[in-house]
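Please read the structure below before turning to the comments.
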Amino acid sequence: MRVLITNDDGIDSPGLAALARGAVAHGWTTVVAAPATEASGTSAGLTAAEDHRKVRVERRDLPGLDGVPGHAVAAHPALITMVAAQGAFGDPPDIVLSGVNRGANVGRAVLHSGTVGAALTAAINGARAMAVSLDVGLDLDVHHHWDTAIAVASGLFDRLAAMPAGTVLNLNVPNCADTREPRRASLAEFGSVRSRVKHTDDGTIGIATVFVEGELPPGSDAALLASGHPTVTPLRSVTEDLDLVFEPS
């Protein structure tokens with residue numbers, strides 16, 4: 001299997017290097033291409049054009065990845081996976097692994113995630129893909145158990161490789177030392193963390209991230225993750241709505 005590793009936290013993220021090392025340890029031919037700077041919340045955005053729609057790419061050596069090509073790309077992660085499918089970083093990848101993201105990607109808010117957007121874009125371009133996220137919460141000063149995320153993710157590698165092209169899995173892993181089998185979860189309407197808008201008097205809008213109180217939907221990714229279970233949710237990219245009855249006038 002030829003594998004592309006990307007993310008939305010940027011080329012210098014330790015989660016990116018950890019995921020690449022996991023792919024190499026699994027015996028896969030691995031290439032890393034990730035945004036040169038953080039690109040969180042970019043969904044499947046394709047912003048990148050610089051001079052005459054050229055995208056700047058810089059070769060990088062990543063820790064613990066001798067011999068693995070690394071590319072810092074001045075682009076959003078979805079564009080990276082799109083051009084990878086067209087041979088921008090060598091032969092098109094069979095699998096795209098996106099992450100490990102610093103923070104969970106749960107609920108319908110995955111729509112906005114650059115981590116998930118990269119996986120969805122890879123899938124519509126013929127690859128199998130998995131987005132991997134570590135639930136570190138809002139306190140980024142805590143110890144990050146990257147090894148736990150890689151252990152859980154690598155347990156799904158062979159199953160992902162055996163799935164049809166276009167498959168997308170969204171994996172979330174609790175930030176702890178315990179490695180547990182992931183459980184299939186539905187998408188919550190909202191996660192345990194949401195954005196709140198604060199209006200100001202200076203013509204700006206402030207956005208704060210807060211914890212949401214109340215019971216999370218049983219069986220949802222948000223609820224299972226909060227109770228300490230890794231969660232995996234198959235996702236489907238944009239498709240037409242065959243259930244909606246609509247006739248143009």
Next on the checklist: I'd like to know whether D178 forms a side-chain contact (heavy atoms from CB on, under 4.5 Å) with T148, so could you lay out the CA-CA distance, the side-chain angles of the two residues, the decisive distance to 0.1 Å, and finally the verdict.
Outcome noted: CA-CA 7 Å; D178 296 334; T148 302; over 6 Å; no
Item to check | Whether over 12 other heavy atoms sit under 6.0 Å from R59 CZ | outcome: yes
Item to check | Test applied, side-chain contact (heavy atoms from CB on, under 4.5 Å); reference residue, L79; option that passes from V55, T121, T42 | outcome: V55
Item to check | P217 to A223 - nearest heavy-atom pair and separation | outcome: O-CB, 3.2 Å
Item to check | Separation of M1 CE from F157 CZ (nearest 0.5 Å) | outcome: 12.5 Å
Item to check | Min side-chain heavy-atom separation N7-P35 under 4.5 Å | outcome: yes
Checklist entry - How long is the span from the CG atom in D221 to the OG atom in S186, to the nearest 0.5 Å? => result 6.5 Å
Item to check | Hydrophobic cluster (4.5 angstrom, side-chain heavy atoms) - remaining members for V110 | outcome: V116, L120, V168, L187, L235
Checklist entry - Residues in side chain to side chain donor-acceptor pair (under 3.5 Å) with H229, at least two apart? => result R180, R183
Next on the checklist: The test is side-chain contact (heavy atoms from CB on, under 4.5 Å); show your working for T30 and I5 and say whether it passes.
Outcome noted: CA-CA 7 Å; T30 303; I5 310 295; 3.6 Å; yes
Next on the checklist: Would you say that V96 contacts V3 through its side chain, given a criterion of any heavy-atom pair below 4.5 Å between the two side chains?
Outcome noted: no
Hey, can you pull the donor-acceptor pairs under 3.5 Å for the side chains in residues 13-29, sequence neighbours left out?
from : atom 1 : to   : atom 2 : distance (Å)
S13  : OG     : G15  : N      : 3.2
R21  : NH1    : P63  : O      : 3.0
H26  : NE2    : D158 : OD1    : 2.7

Checklist entry - Going from CG on L134 to CG on N175, what distance comes out if it is rounded to the nearest 0.5 angstrom? => result 4.5 Å
Next on the checklist: Check R56 with E58, please: is the shortest side-chain N to carboxylate O separation under 4.0 Å?
Outcome noted: no
Checklist entry - For S113, what residues pass the side chain to side chain donor-acceptor pair (under 3.5 Å) criterion, not counting sequence neighbours? => result N105
Checklist entry - Does some side-chain heavy atom of L224 sit less than 4.5 Å from a side-chain heavy atom of L216? => result no
Checklist entry - Mind checking whether V68 and L62 have side chains closer than 4.5 Å, heavy atoms only? => result no
Item to check | P77 to G114 - nearest heavy-atom pair and separation | outcome: CG-O, 3.5 Å
Checklist entry - Please, which pairs that meet ring-ring contact (aromatic ring centres under 6.0 Å, His included) have at least one residue in residues 158-178, sequence neighbours excluded? => result none
Checklist outcome for this item: Output for pair (D61 CG, D66 CG), nearest 0.5 Å, gives 8.0 Å
Checklist entry - Can you name the residues that form a side chain to side chain donor-acceptor pair (under 3.5 Å) with T115, not counting sequence neighbours? => result D8, N101
Checklist entry - Quick one: does V232's side chain get under 4.5 Å of N170's, heavy atoms only? => result no
Checklist outcome for this item: On a heavy-atom basis, the closest approach of G155 and R159 is O-CD, 4.4 Å
Checklist entry - Under the side chain to side chain donor-acceptor pair (under 3.5 Å) test, which residues partner R184, sequence neighbours left out? => result none
Item to check | Pairs involving residues 230-249, ordered by first then second residue, that meet ring-ring contact (aromatic ring centres under 6.0 Å, His included) (sequence neighbours left out) | outcome: none
Next on the checklist: Through direct or indirect side-chain contacts below 4.5 angstrom among Ile, Leu, Val, Met, Phe, Trp and Tyr, which residues connect to I124?
Outcome noted: none
Checklist entry - Does T167 reach the main-chain N or O of R128 with its side chain, forming a donor-acceptor pair under 3.5 Å? => result no
Checklist entry - Taking a hydrophobic cluster as the set of Ile, Leu, Val, Met, Phe, Trp and Tyr residues connected by side-chain heavy atoms closer than 4.5 Å, whether directly or through intermediates, do V100 and V142 fall within one such cluster? => result yes
Checklist entry - How would you list all residue pairs meeting ring-ring contact (aromatic ring centres under 6.0 Å, His included) that involve residues 88-139, not counting sequence neighbours? => result H71-F89
Checklist entry - Is the closest side-chain heavy-atom distance between T179 and V173 below 4.5 Å? => result no
Item to check | Flag side-chain contact, heavy atom, 4.5 Å: L97 against L160 | outcome: yes
Next on the checklist: Please give me the minimum heavy-atom distance between G103 and S133, naming the atom from each residue.
Outcome noted: O-CB, 3.2 Å
Item to check | Shortest non-hydrogen contact from N125 toward A85 | outcome: CB-CB, 3.6 Å
Checklist outcome for this item: salt bridge (charged side-chain N to carboxylate O under 4.0 Å, His left out) pairs touching residues 240-249, sequence neighbours excluded, are none
Checklist outcome for this item: Heavy atoms of A78 and G117 approach each other most closely as CB-O, 4.1 Å
Checklist entry - Tell me the salt bridge (charged side-chain N to carboxylate O under 4.0 Å, His left out) pairs involving residues 81-98, sequence neighbours left out? => result none
Next on the checklist: Nearest 0.5 angstrom please: M163 CE to I95 CD1, how far?
Outcome noted: 10.5 Å
Next on the checklist: Within this structure, what is the CG-CZ distance for the pair D135 and R102, rounded to the nearest 0.5 Å?
Outcome noted: 13.5 Å
Next on the checklist: Side chains of L171 and T231, heavy atoms from C-beta outward: is any pair under 4.5 Å?
Outcome noted: no
